[in-house]
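Sequence positions, counted from 1, serve as the residue numbers for this chain. Each ligand, and each atom within it, is numbered from 1 in the order the structure gives.
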Amino acid sequence: MTEMMKAAVFTTPGGPEVLEYVEIERPLPGRGEVLVRVRACGINGFDLLARNGRYQTGQAKPHVLGGDVVGSVAGYGPGCEERISVGDNVALHWVISCGSCEQCLRGFETTCLRYGYLGAKYPGGYAEYVVVPERNIVALHDYVDLYKAAAFPMAFGTSWHMLVTRAQLQPGETVLVQAVGSGIGVAAIQIAQLIGARVIGSAGSDWKLERAVDMGVAPGDLINYNKNGLYDEVMRITDKRGVDVVFEHIGGEGFGDAVRSVTRNGRLVTCGGTASYDVSMNIAHVFHKQVSIIGSNSATRWEFEQITDLLRQGRFHPIVDRVFPLHQAAKAHAYLDTRSGFGKVVLSVDD
Ligand SMILES: [Zn+2]
């Protein structure tokens, strides 16, 4: 007999109201796969865009969103190593790569030719259960705050890959973190501080900048880009030098100013464009100063292991803005659409 589970799903893209709390079939773990009982699932900007129809994810309908998943191991399919005990808490690596294409063989699993994301191509964590390949689970061991853990994987993983692996941010360098109130903005501040870099932060409202001060960013190093021009402010703060690294994920109209804010031989690293993927810039601001524009996508399984260790050591402090129960997923999306929060919004998936 088929077992059922509760899930928040959508069939037709649209506003938050298209998310329905329904019963669907519980997935079964296949060969090499693990069944995870979801405890909490972070909501990402991607979820809102996919729900709106900006992404065609290829997942069968109804669509189960959710790539930031923590839960407990509920059972294994055949052919697993079973190195984590049933009942133990795990975080899920959201990049499901093939392991055999050219990019995977070169160690670049985030640019796998056939990868898919949990909650996008594959059914995600807006449900009581989810199935992933066994290699995608990482033990949380003694880390018990599952809401914070659900606010952690994609934000800190994506930011780590951007700053550490791709941009190679160094101690003593200056990094401009765009949109400090976002999940990855919060993560970028903490990672930059761990490295020993100076953080200049931007946001569109003063109260978000004040929260960045609480995280240790100097009040004089913060920019409200709705009040003053980003480039002018960066030049004023850095005494006309510019920053070594720009941490970019907004795109859109402000991108040109972000490029211009990079110092000579500096780099801009980008993982997306929440405002728009179409950007305009003056190419002279790139070649005159030998600026590198670096793309970055997700994080590797190895990086995810590294940062989860740092989380357990208390080196990272994910910020949970609000927690909604799974059956209020539509309400949670409506809240996120207002962009009034700071940090991550998390769905709790309780018994
Ligand atoms: Zn691959």
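In K289, the NZ atom is crowded: over 12 heavy atoms of neighbouring residues, nucleotides or ligands sit closer than 6.0 Å. R54 CZ: more than 12 foreign heavy atoms inside a 6.0 Å radius.
Neighbours of the Zn ion (ligand 1) restricted to protein N, O or S atoms under 2.8 Å: the count is 4.
Figure legend: R51 and F10 shown without cation-pi pairing, the cationic atom not lying both under 6.0 angstrom from the six-membered ring centre and within 45 degrees of its axis. Judged by the 6.0 Å distance and 45° axis criteria, R312 is not positioned over the aromatic ring of Y143.
By the side chain to side chain donor-acceptor pair (under 3.5 Å) test, R322 is found to be paired with no residue, residues two or more places apart in sequence or in another chain being considered.
Remark: aromatic rings of F156 and F316 are close, center separation under 6.0 Å.
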